[in-house]
Enquirer: 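One structure, pasted below without further comment.
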Amino acid sequence: MLFGKEHVKRYQETDGAEGHDWQGTTVLILTTIGRKSGEPRSTPLIYRPYGDAVLVVASNGGADAPPLWYRNLEANPEVQVQVKGDRYTARARTAIPDEKPDMWRTMVATWPAYEEYQTKTERSIPVVVLDRV
């Protein structure tokens, strides 16, 4: 399955029956509001539960610029999350320095390529915490 618009469409249509399990990991759909357009933007992202929250990583494959979805949530941290058939509103925040190391290890255990992505850029790749509202 492709990772993009078709992935989002099939995930949403099937409540994650198609698209939640992806290449040995798990994916949610994060919907942000475009900071310029004001339109909803849905993105499939690798995730991991962490206590009462959910974690995602703003890696952008190790590019020097963060992904657009991350810039959107910086402008408006109220987001929509879909994990399988569970759809809810969350407040997104970037992990603070004290909590990030453990969260980073959790996400690298989920998708080891994050370590490689970090070597490609000088920016510190953010771990994003999604707290259910």
Enquirer: Once you round to the nearest 0.5 Å, how far does NZ of Lys9 lie from OG1 of Thr14?
Expert: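 Atom-to-atom, Lys9:NZ and Thr14:OG1 are 10.5 Å apart.
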Enquirer: Salt-bridge test for Glu115 and Arg105: reply yes if a basic N is under 4.0 Å from a carboxylate O, no otherwise.
Expert: no
Enquirer: In terms of side-chain heavy atoms, does Thr110 have a donor or acceptor partner in Arg48 at a distance below 3.5 Å?
Expert: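 Checked: Thr110/Arg48 side chains pair up, N/O donor to acceptor below 3.5 Å.
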Enquirer: Could you check whether any side-chain N or O of Arg87 sits under 3.5 Å from a backbone N or O of Gln12, counting only pairs where one atom can act as donor and the other as acceptor?
Expert: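 Side chain of Arg87 to backbone of Gln12: a pair is present.
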Enquirer: State the CD1-CD distance between Ile33 and Glu78, to the nearest 0.5 angstrom.
Expert: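 Rounded to the nearest 0.5 Å, the CD1-CD separation comes out at 8.5 Å.
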Enquirer: What verdict does the side-chain contact (heavy atoms from CB on, under 4.5 Å) test give for Thr25 and Trp22, after you've listed the backbone C-alpha separation in whole Å, the side-chain angles of each residue and the deciding distance to 0.1 Å?
Expert: CA-CA 5 Å; Thr25 192; Trp22 181 79; 4.1 Å; yes
Enquirer: So which heavy atom on Tyr11 is nearest to which on Lys84, and how close?
Expert: OH-N, 2.8 Å
Enquirer: Kindly say whether Pro44 contributes a backbone atom to a donor-acceptor pair with the side chain of His7 at under 3.5 angstrom?
Expert: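 The answer is no, because no donor-acceptor pair under 3.5 Å joins these two groups.
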Enquirer: Taking atom NZ as the centre, does Lys5 end up with more than 12 heavy-atom neighbours from other residues, nucleotides or ligands that are less than 6.0 angstrom away?
Expert: no
Enquirer: Could you tell me the separation between the CG atom of Leu28 and the CD1 atom of Ile46, rounded to the nearest 0.5 Å?
Expert: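 The CD1 atom of Ile46 is 10.0 Å from CG of Leu28, to the nearest 0.5 Å.
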Enquirer: Can you give me the closest heavy-atom contact between Ala109 and Pro112, atom names plus distance?
Expert: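 Smallest interatomic distance, heavy atoms only, reads O-CD, 4.5 Å.
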Enquirer: Pair Val79, Thr31 - check side-chain contact (heavy atoms from CB on, under 4.5 Å), show working.
Expert: CA-CA 6 Å; Val79 298; Thr31 302; over 6 Å; no
Enquirer: Could you check whether any side-chain N or O of Thr119 sits under 3.5 Å from a backbone N or O of Glu116, counting only pairs where one atom can act as donor and the other as acceptor?
Expert: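 Here the side-chain-to-backbone pair exists.
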Enquirer: Report the C-alpha separation of Asn76 and Arg35 in whole Å, then their side-chain angles, then the decisive distance to 0.1 Å, and conclude whether the side-chain contact (heavy atoms from CB on, under 4.5 Å) test is met.
Expert: CA-CA 7 Å; Asn76 181 0; Arg35 68 193 182 291; over 6 Å; no
Enquirer: Give me the atom names and distance for the closest heavy-atom approach of Arg41 to Ser37.
Expert: NH2-OG, 3.1 Å
Enquirer: Would you find more than 12 non-hydrogen atoms of other residues, nucleotides or ligands less than 6.0 Å from Lys100 atom NZ?
Expert: yes
Enquirer: Return the minimal non-hydrogen interatomic distance between Val81 and Ala90, and the atom names on each side.
Expert: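 Nearest heavy atoms, Val81 then Ala90: CG2-CB, 3.8 Å.
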Enquirer: With a 4.5 Å heavy-atom cut-off, do Thr32 and Tyr70 have their side chains touching?
Expert: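 No; the side chains remain at least 4.5 Å from each other.
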Enquirer: Can Asp86 and Arg132 be counted as an ion pair, charged N to O under 4.0 angstrom?
Expert: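 Salt bridge: yes.
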Enquirer: May I have the step-by-step check of side-chain contact (heavy atoms from CB on, under 4.5 Å) for Trp69 and Glu74, ending in yes or no?
Expert: CA-CA 9 Å; Trp69 64 261; Glu74 285 182 308; over 6 Å; no
Enquirer: Indicate, with yes or no, if Val27 and Tyr117 share a hydrophobic cluster defined by side-chain heavy-atom contacts under 4.5 Å among Ile, Leu, Val, Met, Phe, Trp and Tyr.
Expert: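 In one cluster with Tyr117: Val27, yes.
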Enquirer: Shared ILVMFWY cluster between Val83 and Leu30, side chains joined below 4.5 angstrom?
Expert: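 Yes, Val83 connects to Leu30 through the hydrophobic network.
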Enquirer: Run Glu99 and Arg93 through salt bridge (Lys or Arg N to Asp or Glu O under 4.0 Å) and show every step you take.
Expert: CA-CA 12 Å; Glu99 65 187 351; Arg93 65 179 180 82; 2.5 Å; yes
Enquirer: Membership question, hydrophobic clusters at under 4.5 Å side-chain separation (ILVMFWY): are Val127 and Leu68 in the same one?
Expert: no
Enquirer: What donor-acceptor contacts under 3.5 angstrom involve side-chain atoms of residues 50-63, with partners at least two apart or in another chain?
Expert:
residue : atom : partner : partner atom : Å
Tyr50   : OH   : Asp102  : OD2          : 2.5
Ser59   : OG   : Gly61   : N            : 3.3
Asn60   : ND2  : Ala65   : O            : 2.9

Enquirer: Indicate yes or no: does Arg123 engage Asp64 in a salt bridge with an N to O separation below 4.0 Å.
Expert: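 Result for this pair is no, no salt bridge flagged.
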Enquirer: State whether a side-chain donor-acceptor pair under 3.5 Å links Gln80 with Thr89.
Expert: yes
Enquirer: Is it true that atom CZ of Arg71 has more than 12 heavy atoms of other residues, nucleotides or ligands lying nearer than 6.0 Å?
Expert: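 12 or below, so no.
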Enquirer: If I compare all heavy atoms of Met107 with all of Tyr114, which pair ends up nearest, and what's the gap?
Expert: O-CD1, 3.5 Å
